[in-house]
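So you know, we letter chains A, B, ... as the sequences are listed, proteins then strands, and number each from 1. Remember, it's a predicted structure, so these values are computed and weren't measured experimentally.
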Amino acid sequence: MSVLELRHVSRTYGQGAAEVHALADVDLAVEAGQMVAVMGPSGSGKSTLLTIAGSLEEPTSGEVLIGGAPLTKMSSNAKARLRRRSIGYVFQDFNLLPGLTAAENVALPLELDGTSARKAHLVGLKTLDDLGLGAKAGSFPDQLSGGERQRVAIARAVVGDRRLLLADEPSGALDSVNGEAVMRLIHAACKRGVAAVVVTHDAQLASWADRVVFLRDGRVTDHTAPLPGPESLLSGEQSR
Amino acid sequence: MTVRHALLALLSEGPKYGLQLREEFEARTGEVWPLNVGQVYTTLQRLERDGLVESDDTSEDGREKTQQNIFRITAEGQQELVGWLRTPPDLSAPPRDELIMKVLVAMRVPGTDVPEVIQVHRRYLVELMQQWTRIKEAEAESDLSLALVVDAELFRLDAVIRWLDAADGRIKRAAPGSPGEPSAAALPRVPRRRGTGIAR
């Protein structure tokens, strides 16, 4: 069963002459442990796809299933619970709360979901530690570099038992070294079984994905083939 | 990358055997550039002829001797190497790029869906980048040379994809009515300038 599945999802804004088809009949399935990148130019519907997948927005038609459960059949309370427990979001501008320390930011989703403050804090600390940010746990966002802030945002997105990570241009504002560090973290989360969808116009980011889906004018127009082994590029290995 | 200067660089660390040079060349370039043994021998013989390296045995009876001989860099060789490191490679002339030509030709062939042609190439390049990224993910943390080679390849492929994206957008804007088939007026003239390789 897919962690995330979009079936014939369309999203239209406006009416009549002003009607815009942001997404048109999109099918997408993401399995546990898999990273899917969605590539496309500005205005191709990438961000709309992500907000609909994350139940932050309703499709005009079609169905979104998370862990096999259709969102249309869920109450708004159930959807809110699903967002708190199962889905992690990473945005280009980090979206950390400036008045909370790194550890408090990471612990916040757990606290909102009813975990005791003490336990949430411990889990937050451990998650930061796992991502090499243990020393920054007590720092406030404005005391962190851009790369560190985004790593904290990823820690917050994967804390607890999250099954689905949704990232919108997660390293868009970072240099290539920090961008790579962010993608390594998302990749590592997938190795632990998280399903991730990363939308980006950046091929270097997308190349971390197991599958790249190409979006154009709201439609999925193409996708990459399954990856061959690395030996296909190392011709030196082949010739021996 | 010239094999000539790569061998000089390896010999600048100290005297080495022919076979050893081949192994070290491949290891230092992350095994991405395989090197033919014959290339090593002929290059070493030319370097020796030009006075840039010297060996124990100056007899010229080919392969076997070259394999067994120890080579060392000369003062002239050191000078050549230092000069080469600081000489920018010739990037001034437009490359004879087959992909640019294909996109230009696609716009000329009636009934061609140009964005679809562009997408075929974009997908192929992204697939290549995925493979390089897997190599980086698996091995490059512990191998600095490999990480640098893979980064260079990723940036190069990324630049080609960016050009395809820009071409896609430009073609779409040039013919808003039918993005796949720009009107004749909107079609750029295929350059005939010598040296671009496009008119050949």
Is A/M39 close to chain B through its backbone or its side chain, or both, or neither, when contacts mean heavy atoms under 4.5 Å? side chain
For the candidates A/A225, A/P41, A/A206, which exhibits the highest count of non-hydrogen atom pairs separated by less than 4.5 Å from chain B? A/A225
Any luck finding a side-chain donor-acceptor pair between A/Q204 and A/S176 under 3.5 Å? no
With a 4.5 angstrom heavy-atom cut-off, which part of B/Y124 approaches chain A: side chain, backbone, both or neither? neither
Among side-chain atoms of B/R134 and B/Q131, is any donor-acceptor pair under 3.5 angstrom? no
So what's closer than 4.5 Å to chain A heavy atoms on B/L154: side chain, backbone, both or neither? both
Sidechain-backbone polar pair: A/R149 side chain, A/P141 backbone, donor-acceptor under 3.5 Å: yes
Tell me whether B/K16 contacts the main-chain N or O of B/L10 through its side chain, where contact means a donor paired with an acceptor under 3.5 Å. yes
Is it true that a side-chain atom of B/E127 and a backbone atom of A/P226 form a donor plus acceptor pair closer than 3.5 Å? no
Interchain contact, A/H223 with chain B, by part (heavy-atom threshold 4.5 Å): backbone
